[in-house]
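Heads up: the structure comes next, in structure tokens.
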Amino acid sequence: MFLAGLIMSITLVVGGFSIAEILFYLLNGRFFWRAFIPAALRFSIFPDDKIELDCYDVLTEYTSLMLYCSGLVLPFIALNYMGFVHFF
């Protein structure tokens, strides 16, 4: 049961994050990972990064991550209730 719960949890997290990134890209034209790393590191990895983030853009990226994480709560509660994982 533990292995099945681990596989379902990993699939849920990775699949949900991929879908959230794709939907955010379709809506805003960028991915929401930029707000979570420091600007100096971001520009050292991508020196020609054309996207400039103001405080509203950072807020929308953090909000989209919180919305994604809140969407994971109910499936994890269901997995916990069925006995696949024991988070709660």
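When the side chains of ILVMFWY residues are joined at heavy-atom separations under 4.5 Å, either directly or via intervening members, Tyr62 and Tyr25 end up in two distinct hydrophobic clusters. Criterion: ILVMFWY side-chain heavy atoms under 4.5 Å apart, direct or through other members. Under it, Met82 and Ile77 are part of a common hydrophobic cluster. No continuous path of ILVMFWY side-chain contacts below 4.5 Å connects Met8 to Ile19, so the two sit in separate hydrophobic clusters. A single hydrophobic cluster is not seen to contain both Ile22 and Leu12; linkage of ILVMFWY side chains at heavy-atom distances under 4.5 Å, directly or through other members, places them apart. Phe31 and Val13 fall into different hydrophobic clusters, where Ile, Leu, Val, Met, Phe, Trp and Tyr are joined by side-chain heavy atoms under 4.5 Å apart, directly or via other members.
To the nearest 0.5 Å, atoms CD1 (Ile7) and CZ (Phe84) are separated by 11.0 Å. In this structure, CZ on Phe2 lies 9.0 Å from OG on Ser9, to the nearest 0.5 angstrom. Rounding to the nearest 0.5 angstrom, the gap separating the CG atom in Leu79 from the CG atom in Leu72 is 10.5 Å.
The aromatic rings of Phe46 and Trp33 sit tilted, their planes meeting at an angle between 30° and 60°.
Inter-residue side-chain proximity for Phe32 and Leu23 is flagged as unmet; no heavy-atom pair is nearer than 4.5 Å. In this structure, Arg30 and Phe24 have side chains that are in contact, with non-hydrogen atoms separated by less than 4.5 Å. Using a 4.5 Å heavy-atom cutoff, the side chains of Val14 and Phe17 are not in contact.
Here the shortest heavy-atom pairing between Asp57 and Thr60 reads O-OG1, 2.7 Å. Considering all non-hydrogen atoms of both residues, Gly16 and Tyr68 come closest at C-CE1, 3.2 Å.
Residue pairs satisfying the side chain to side chain donor-acceptor pair (under 3.5 Å) criterion with at least one member in residues 38-47, sequence neighbours excluded, are listed as follows: Arg42-Asp49.
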